Amino acid sequence: MTDHIAIVGAGCTPFGEHFDRSYTDLVAEACREALGEAGLQPRQIGAAWLSTAFPDVGVHRGRSGMDLAESLGVGGMPITRVSNFCASGGDALRNAAHALLAGQVDVALAVGVEKQRDRPPQESIVKLMVETGHPFYQKGFTAAGSFAVFAVRRMKEFGLTREDLAAVSVKNHRHAAGNPKAHQRKPVTAEQVLGSPMVAWPLTLLDCCPTTDGASALVLVREADAARYRSRVLVAGMGFSVSSGWDAPFHDDAFDFIGFPAVRQAAAAAYAQAGIGDPAKEFDLAEVHDCFSINELIACEDLGFCGRGESPRLLRDGVTRLGGRMPVNPSGGLLSCGHPVGATGLRMVYEVMRQIQGVAEGRQVSGARQGVTQNIGGPGAVAFVSVLRRM
Amino acid sequence: MEPAILAVAARVPPWELSAETVNRAYGRPPARGARRFASWDEDPPTLAYAAADRALQSFDRSRLQTLFIASTSWPRHAAAQAERVAAALDLPEGVEVVSLGGAWRCGVSALRLAFESRRLPALVVAADRLTEPPGSDRETAVGDGAAAILVGEGPGLAQLSSWTSTADPVEWNSDDARFLAHQATRLASRVRREECGRAGVSAPGLRPARAAASALGLPASDAALERIGFCGAAHPLLALVELVESAGARAGPDPGSRSASSGEAAAGGRPRPGGGDRYLWVSCAEGLDAATVEITGPVPEATFAPAVERARPVTEYGRWLASRSFFENGAGRGVFSSPAIEQRDSEFLIRLHGARCASCRAIQTVPMPACGRCGSTAAPTRFPLSRTGTVFSFTHEYYVPTPAPPVTMAVVDLDGGGRIVVQVADAPPEAVALGTRIRLVLRRLHMGGGVPQYYWKAVME
């Protein structure tokens with residue numbers, strides 16, 4: 001009896017502004033690529049999980065599993081919609097894996113999609129916090145602001161600078177130049193990042209991911225069945241944690257605004273399952289949730305790549321750039337790929353799989369055998385971490 | 001014992017619009033005069049809260065029997081009720097809340113009712129936010145402000161006697177300055193002067209006020225009143241606050257507490273044998289209201305004159321217009337709102353009460369079914385959170401709808417425990433730092449559901 005699953009097919013649409021493609025078009029494209037790689041027909045899927053985080057600030061699609069059925073042109077299968085803020089994609093993968101390991105199905109599909117650009121950016125993700133949510137708590141925050149307060153604390157605690165933040169954006173935009181599926185592939189300079197319009201002090205526009213459309217899909221089977229498939233990458237470990245409610249960090253005077261407990265909890269679980277002893281040394285690459293530049297710095301510490309407050313040095317030393325000892329976000333990350341919320345967690349897994357397969361042309365991490373993904377949601381209170389390994 | 005004034009407080013916003021700024025915008029020759037205006041997120045309920053909170057600063061609020069609120073510009077929305085202001089002040093649930101409006105003299109009427117009430121102590125608050133048409137000559141003649149006067153068993157700060165009150169049907173709504181001066185003279189000349197050293201005079205406009213003072217033949221109230229614009233129902237009460245504070249400062253033992261503006265009329269108060277100084281308080285509006293004010297004690301700290309001195313001129317005419325029309329133009333109306341949520345969370349949202357875990361003593365700003373630290377489900381103890389605190393972290397938001405970007409958001413650790421995230425009001429971004437001391441005040445937050453919604457914001461102490 002195996003306790004692992006494997007990915008045998010992966011798909012991802014180009015991320016960007018798809019004014020001429022709908023929610024269902026994007027889902028269909030990502031699923032076609034994933035099923036094609038696995039050599040399967042839609043009817044051979046046992047069950048599917050559809051991740052869309054915010055249907056009501058998008059296009060009102062993805063409210064339930066029904067919106068996957070018509071994209072695939074199939075009926076008569078169980079489909080569950082997954083919603084766990086920006087970590088919805090990771091949670092879809094986790095749920096699919098559990099159904100496989102429980103023996104309920106033999107082939108599972110995890111799909112993530114968000115169609116945000118059928119509206120102006122101000123009306124989609126920005127509107128989310130300005131107009132929806134609790135009528136009073138935290139009103140005035142945007143998503144950028146709710147992480148900017150971590151940057152401000154880190155400026156005091158560790159001497160973090162705006163240049164440290166800009167360096168994340170510069171690195172990831174440079175990586176994206178080699179990723180044909182990234183939303184923004186033009187390199188930027190530190191001066192451009194620092195000089196772009198201020199969004200939420202100290203984060204400028206280029207410290208923030210763009211508003212993006214896109215979909216990703218993964219076909220999953222149990223490890224024991226993987227040998228039948230041409231493509232296969234092992235999910236060696238998975239961890240998922242919800243550390244608090246949305247408002248709790250902002251209403252709890254013990255919360256330090258330095259890191260995310262949920263990430264540390266999810267990483268501990270994933271590392272234990274995958275037998276990772278020293279995360280600073282054992283990964284060839286990482287795809288982390290850099291929705292804002294500050295988040296990549298926090299992620300590197302929460303994932304154990306370095307100590308508290310040391311992530312800017314890791315970046316300055318070149319460890320996390322392509323060609324470094326452990327490239328972080330070789331895809332360009334959320335900063336360059338964009339963040340179609342429901343798709344992001346699965347897009348990270350897609351990227352690490354292509355790297356392990358050695359087909360990440362233009363951004364290949366040479367000899368990549370093992371990588372980690374980190375997908376967060378809410379104010380860092382929801383986290384999914386996966387360890388992927390060549391098999 | 002006779003009722004007396006126990007405490008007074010004024011809320012005069014710092015923002016100043018001069019007639020010169022207005023005239024420059026319309027290509028007209030410069031003119032004299034200025035008004036004060038409330039920030040874009042202040043309205044009569046929040047002005048009333050600010051003045052009332054100050055007046056109650058060293059008073060046991062649980063003793064208050066009656067709250068009078070008088071205004072001619074109170075928002076016509078259920079969400080802005082006077083009862084909400086009472087709850088925000090954390091007054092007892094049994095407090096009788098009396099709302100008056102419809103006439104500029106309603107502030108004076110409220111005060112008179114309080115003096116005749118058997119439900120004392122009573123707090124009288126008058127607040128107005130007045131707007132005349134852009135470009136009109138009267139644009140800077142009116143102002144925004146609030147005054148609060150606590151009435152209870154004496155001796156207190158001052159006593160009022162010899163009330164005079166007459167109703168007058170003549171309309172003030174005229175651009176004829178000479179006629180208005182005549183109107184004020186006509187009303188003021190009915191006052192019996194008695195033996196008073198000085199007069200505090202309120203009238204709808206600069207010229208009428210001067211005419212009334214001249215008709216009284218007494219040194220008139222402090223020039224500070226002339227620098228803020230006519231604040232409607234609040235104006236006569238502001239004149240009274242000014243009178244009590246400046247006279248009280250003179251009577252006080254500490255010359256250092258004397259307000260800067262009290263100098264010119266310092267010789268006005270006439271000592272009486274066995275009592276304090278006597279002054280005349282006169283309000284001309286939809287009639288004449290007057291009383292004799294006898295000062296019986298020093299005010300601990302003046303609020304009116306210092307607020308007038310703290311003027312922050314706004315020289316871009318557009319900024320004034322934007323701040324005035326932000327909510328009226330529908331900004332923020334799309335915000336999700338729910339009266340059901342408000343009533344459920346009102347103990348925190350409006351009264352600012354938090355909870356302390358019965359098991360581990362951890363403070364939950366907003367109570368949850370279980371403690372976030374120890375998981376205890378034992379009923380927590382509710383208690384009033386402190387309304388002062390320290391900035392733990394902050395950011396400046398440039399993409400949030402506001403007439404005055406950016407919106408500074410602060411994570412605030414409250415004194416005595418608890419944390420809250422609020423917008424910072426009235427401060428430029430560079431003024432906010434880690435460790436900045438703040439005070440929570442009631443402000444208008446948004447127009448969810450098309451009605452004004454109120455929540456706490458931080459102002460710098």
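Everything numeric in this text was worked out from a predicted model, so none of it was measured. Basis for what follows: all heavy atoms, side chains included, without hydrogens, waters or symmetry-related copies. Residue numbers begin at 1 in each chain, while the letters A, B, ... track the order of the sequences.
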Checklist entry - How far apart are the closest heavy atoms of A/P135 and B/S338, and which atoms are they? => result CG-N, 4.2 Å
Item to check | chain A contacts, top residue of B/I341, B/V422, B/V366 (heavy-atom pairs, under 4.5 Å) | outcome: B/V366
Item to check | Closest heavy-atom pair and its distance - A/Q138, B/M409 | outcome: O-CE, 3.9 Å
Item to check | Option passing ring pair (Phe, Tyr, Trp, His ring centres under 6.0 Å) with A/F136 (candidates B/Y455, B/Y454, B/F336) | outcome: B/Y455
Item to check | Contact origin within A/T142 toward chain B - heavy atom pairs under 4.5 Å | outcome: both
Checklist entry - Are the side chain of B/T365 and the backbone N or O of A/H251 linked by a donor-acceptor pair below 3.5 Å? => result yes
Item to check | Stepwise side chain to side chain contact (heavy atoms under 4.5 Å, CB included) test for A/D252 and B/R373 | outcome: CA-CA 9 Å; A/D252 177 2; B/R373 296 253 181 93; 2.7 Å; yes
Next on the checklist: Run B/T395 and A/W201 through side chain to side chain contact (heavy atoms under 4.5 Å, CB included) and show every step you take.
Outcome noted: CA-CA 5 Å; B/T395 182; A/W201 168 266; 4.3 Å; yes
Next on the checklist: Please report the interatomic distance NE2(B/H446) to NZ(A/K139), rounded to the nearest 0.5 Å.
Outcome noted: 6.0 Å
Checklist entry - Contact part of A/P249 toward chain B, heavy-atom cut-off under 4.5 Å: side chain, backbone, both or neither? => result backbone
Checklist outcome for this item: Heavy atoms of B/R419 and A/F257 approach each other most closely as NH1-CE1, 3.1 Å
Checklist entry - Which atoms of A/A254 come close to chain B, meaning under 4.5 Å heavy atom to heavy atom: side chain ones, backbone ones, both, or neither? => result both
Checklist outcome for this item: CG of B/D345 to NE2 of A/H134, rounded to nearest 0.5 Å, is 4.5 Å
Item to check | Shortest non-hydrogen contact from B/P401 toward A/V130 | outcome: CD-CG1, 3.7 Å
Item to check | Pick from B/D413, B/L445, B/V407 with the largest number of heavy-atom pairs that fall under 4.5 Å of chain A | outcome: B/L445
Checklist entry - How many angstroms lie between CG in A/L205 and OH in B/Y399, if you round to the nearest 0.5 Å? => result 5.0 Å
Checklist entry - Would A/R153 and B/L434 satisfy side chain to side chain contact (heavy atoms under 4.5 Å, CB included), going step by step from the backbone distance to the final call? => result CA-CA 8 Å; A/R153 279 311 300 180; B/L434 299 184; 3.9 Å; yes
Item to check | Rounded distance [0.5 Å steps], CE in A/M155 versus OG in B/S393 | outcome: 10.0 Å
Next on the checklist: Counting neighbours of CD on B/E93 that are heavy atoms of other residues, nucleotides or ligands and sit closer than 6.0 Å, is the number greater than 12?
Outcome noted: no
Checklist entry - For B/R382, does the CZ atom sit with more than 12 other heavy atoms under 6.0 Å from it, leaving out its own atoms? => result yes
Checklist entry - Can you name the nearest heavy-atom pair linking A/A200 to B/E397, along with the distance? => result CB-OE1, 3.8 Å
Next on the checklist: Quick check on B/R312: does its CZ atom have over 12 non-hydrogen neighbours (other residues, nucleotides or ligands) under 6.0 Å away?
Outcome noted: yes
Checklist entry - Which heavy atom in B/G334 sits nearest to a heavy atom in A/E131, and how many Å separate them? => result O-OE1, 3.5 Å
Item to check | Separation between CD1 of B/I420 and CG of A/D247, rounded to the nearest 0.5 Å | outcome: 11.0 Å
Checklist entry - Taking the six-membered ring for Trp, are B/F348 and A/Y137 parallel (under 30°), tilted (30 to 60°) or perpendicular (over 60°)? => result perpendicular
